[in-house]
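What follows is one structure encoded as C-alpha cells, with my remarks underneath.
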There are 2 protein chains.
Amino acid sequence: MKYDPVEIFKALSNPSRLEILKFIYESGFTGTLEGGSMCCEQCSCMGDVVGKFNLAPSTISHHAKELVRCGLVRMERDGQYMRLLPNPEALEAAAEFMDKVVDSTKGK
Amino acid sequence: MKYDPVEIFKALSNPSRLEILKFIYESGFTGTLEGGSMCCEQCSCMGDVVGKFNLAPSTISHHAKELVRCGLVRMERDGQYMRLLPNPEALEAAAEFMDKVVDSTKGK
DNA sequence: ACTATAATTCGAAATACTTCGAAATATCGA
DNA sequence: TCGATATTTCGAAGTATTTCGAATTATAGT
C-alpha cells in the first residue's frame with residue numbers, strides 16, 4: 001500500500017493541522033488565496049500559512065512536515081519560499097479505505 | 001454537524017483502535033465472526049474483542065468507549081454482555097468530509 | 001445470597017504530541 | 001559579501017495518549 005491510513009488519520013486528528021491542510025488544499029491549483037500568495041498564484045507557501053494561523057513559524061513548519069510525511073501534501077522549494085502542494089491521491093486513498101470498512105459491515 | 005471529523009480521525013489514528021473498529025464492523029450485522037460470538041450471531045461483544053486482541057480488558061473497554069464517543073460504534077447491554085454495533089453513518093460522514101476537501105482543491 | 005463471568009473505573013508509568021522561543025540555515029537583492 | 005526575509009532545527013515545558021493491573025460494579029445461574 002502506497003499510503004498508510006493510520007498515518008493519514010493521525011495527521012488529520014489535530015485541529016490545527018486539519019485547518020492547515022484545508023487551507024493548502026483550497027489554495028492549491030485554484031489560486032483562490034485572498035490577498036494573493038507570497039510565492040505564486042496557484043499555491044500557498046509556508047509564509048502564507050504562518051500569516052493565516054495564530055501559530056509560531058516553527059509550529060507551522062512542524063505540522064507541514066507531518067502532512068508531507070504521510071503523503072497528504074508535497075513540498076517544493078521556490079527560492080526562499082517553500083511551496084505546499086495538495087496531493088489529493090493520498091486523501092482519496094484514505095477515503096477509499098473508509099469506504100471498504102463501511103462495505104465490510106453491509107454484507108457486500 | 002452531527003459527527004466531528006477531528007474526533008473521528010483521532011479515533012482512527014491509533015493502530016489498535018482501528019483494528020478493533022474493523023473487527024466490530026466485520027462482525028456487525030453479517031455475523032461472520034469465526035467461532036461465533038459470546039453474545040449473538042449478528043454482532044461482537046466486548047469479550048469477543050478481548051479474545052481477539054492481545055490487550056487487557058480495561059484497554060479494550062477504553063478504546064471501545066472512544067469509538068462510541070465519536071459515534072463510530074454504538075453499544076448496548078445484553079445481560080452480562082455489551083454489544084458493539086457499527087454505525088457506518090459516522091464513517092460515511094468522515095469520508096464525505098474528506099471528499100469535500102479533495103473537491104476544494106480540484107476547482108469544485 | 002453466593003459465586004462466576006463480563007465489563008468498567010481508577011491510578012500509575014511510559015510514551016507521544018503540541019507548542020513555543022532561540023538559534024541555525026537557506027536564499028534573495030543590493 | 002551583507003543584510004533582510006523565509007524556513008528549519010533544537011531543546012524544553014505542558015499536556016494528552018496508551019497501556020496495564022487491581023479494585024469495583026453488573027448480571028447470570030445455582
Side-chain angles (χ1 to χ4, degrees), chain A residues 4 6-24 27 33 35-40 43-70 72-85, chain B residues 4 6-24 27 33 35-40 43-70 72-85:
Chain A
D4 179 352
V6 170
E7 290 308 308
I8 290 181
F9 295 139
K10 201 180 295 184
L12 299 173
S13 74
N14 176 266
S16 308
R17 202 156 48 221
L18 182 57
E19 288 308 308
I20 292 170
L21 181 89
K22 279 162 67 180
F23 178 73
I24 292 170
S27 312
L33 191 58
S37 166
M38 288 167 142
C39 65
C40 62
C43 68
S44 50
C45 70
M46 207 58 83
D48 297 325
V49 182
V50 170
K52 188 84 177 182
F53 295 92
N54 210 16
L55 291 169
S58 56
T59 303
I60 301 285
S61 180
H62 168 251
H63 283 317
K65 201 161 71 173
E66 293 297 305
L67 292 173
V68 169
R69 198 195 305 284
C70 70
L72 287 168
V73 164
R74 283 181 305 112
M75 248 169 117
E76 49 189 50
R77 183 169 279 284
D78 173 24
Q80 308 176 269
Y81 306 104
M82 276 302 206
R83 287 187 181 171
L84 297 166
L85 303 159
Chain B
D4 180 351
V6 171
E7 290 306 310
I8 290 179
F9 295 139
K10 200 179 297 184
L12 299 173
S13 73
N14 174 267
S16 308
R17 204 156 45 222
L18 182 57
E19 289 306 310
I20 292 170
L21 181 89
K22 279 162 67 180
F23 178 72
I24 293 170
S27 311
L33 191 57
S37 166
M38 287 169 141
C39 66
C40 61
C43 68
S44 50
C45 70
M46 208 55 86
D48 296 326
V49 182
V50 170
K52 190 82 178 183
F53 295 92
N54 210 15
L55 292 168
S58 57
T59 303
I60 301 285
S61 180
H62 168 251
H63 283 317
K65 201 160 72 173
E66 293 297 304
L67 293 173
V68 168
R69 198 196 306 285
C70 72
L72 286 168
V73 165
R74 286 181 306 112
M75 248 169 116
E76 49 188 51
R77 183 170 279 285
D78 173 25
Q80 306 174 271
Y81 306 105
M82 276 303 207
R83 286 186 182 171
L84 297 165
L85 303 160

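Lettering of chains follows the sequences in order, A, B, ..., and the numbering in each one begins at 1.
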Let me know the distance between [atom1] of [X] and [atom2] of [N], rounded to the nearest Å.
X       : N      : atom1 : atom2 : value
B/Leu18 : D/dT18 : CG    : P     : 12 Å
B/Leu67 : D/dT18 : CG    : C1'   : 14 Å
A/Arg69 : C/dA16 : CZ    : P     : 13 Å
B/Ile20 : D/dT19 : CD1   : P     : 8 Å
A/Leu12 : C/dC17 : CG    : P     : 14 Å
B/Lys65 : D/dT18 : NZ    : P     : 13 Å
A/Asn14 : D/dA16 : CG    : P     : 12 Å
A/Glu66 : C/dT19 : CD    : P     : 12 Å

**Side chain to side chain, B/Arg74 and B/Val68, heavy atoms closer than 4.5 Å** = no
Nearest to side-chain heavy atoms of [X], which nucleotide of [options]:
X       : options                : value
B/Gln80 : C/dT9, C/dA6, D/dT5    : C/dA6
B/Lys10 : C/dT19, C/dA7, D/dT17  : D/dT17
B/Met46 : D/dT19, C/dT19, C/dA7  : C/dA7
B/Ser58 : D/dT9, D/dC20, C/dC20  : D/dC20
B/Ser61 : C/dT9, C/dT18, D/dT9   : C/dT9
B/Thr59 : D/dT18, D/dC20, C/dT19 : D/dC20

**Message:** Counting the atoms with a prime plus P, OP1 and OP2 as sugar-phosphate, which does B/Ile60 contact under 4.0 Å by heavy atoms, base, sugar-phosphate, or nothing?
**Reply:** nothing
**Message:** Need one value for A/Arg83: base, sugar-phosphate or nothing, where a base atom within 4.0 Å counts as base even if backbone is also close, heavy atoms only.
**Reply:** nothing
**Message:** On DNA chain C, compare the nucleotides closest to B/His62 and A/Asn54; which residue's is nearer the 5' end?
**Reply:** B/His62
**Prompt:** Which residue lies toward the 5' end of DNA chain C, A/Ser13 or A/Gly79, if each is placed at its nearest nucleotide?
**Reply:** A/Ser13
**Request:** List the atom of A/Val73, the atom of A/Leu84, and the distance in Å for their closest heavy-atom pair.
**Result:** CG1-CD2, 4.2 Å
**Prompt:** Between B/Ser61 (side chain) and B/Ser58 (backbone), is there a donor-acceptor pair under 3.5 Å?
**Reply:** no
Please determine whether a side-chain nitrogen or oxygen atom of [X] lies at a distance below 4.0 Å from atom OP1 or OP2 of [N].
X       : N      : value
B/His63 : D/dT19 : yes
B/Ser16 : D/dT18 : no
B/Arg77 : D/dT27 : yes
A/Arg17 : C/dC17 : no

**Fill in**
To the nearest 0.5 Å, atom CD1 of A/Ile8 lies from atom CZ of A/Arg69 at 13.5 Å
**Item:** B/Met75 CE to B/Leu85 CG distance, which is reported to the nearest 0.5 Å
**Value:** 10.0 Å
**Message:** Over 60° means perpendicular and under 30° means parallel, so tell me whether A/Phe23 and A/Phe53 are parallel, tilted or perpendicular.
**Reply:** perpendicular
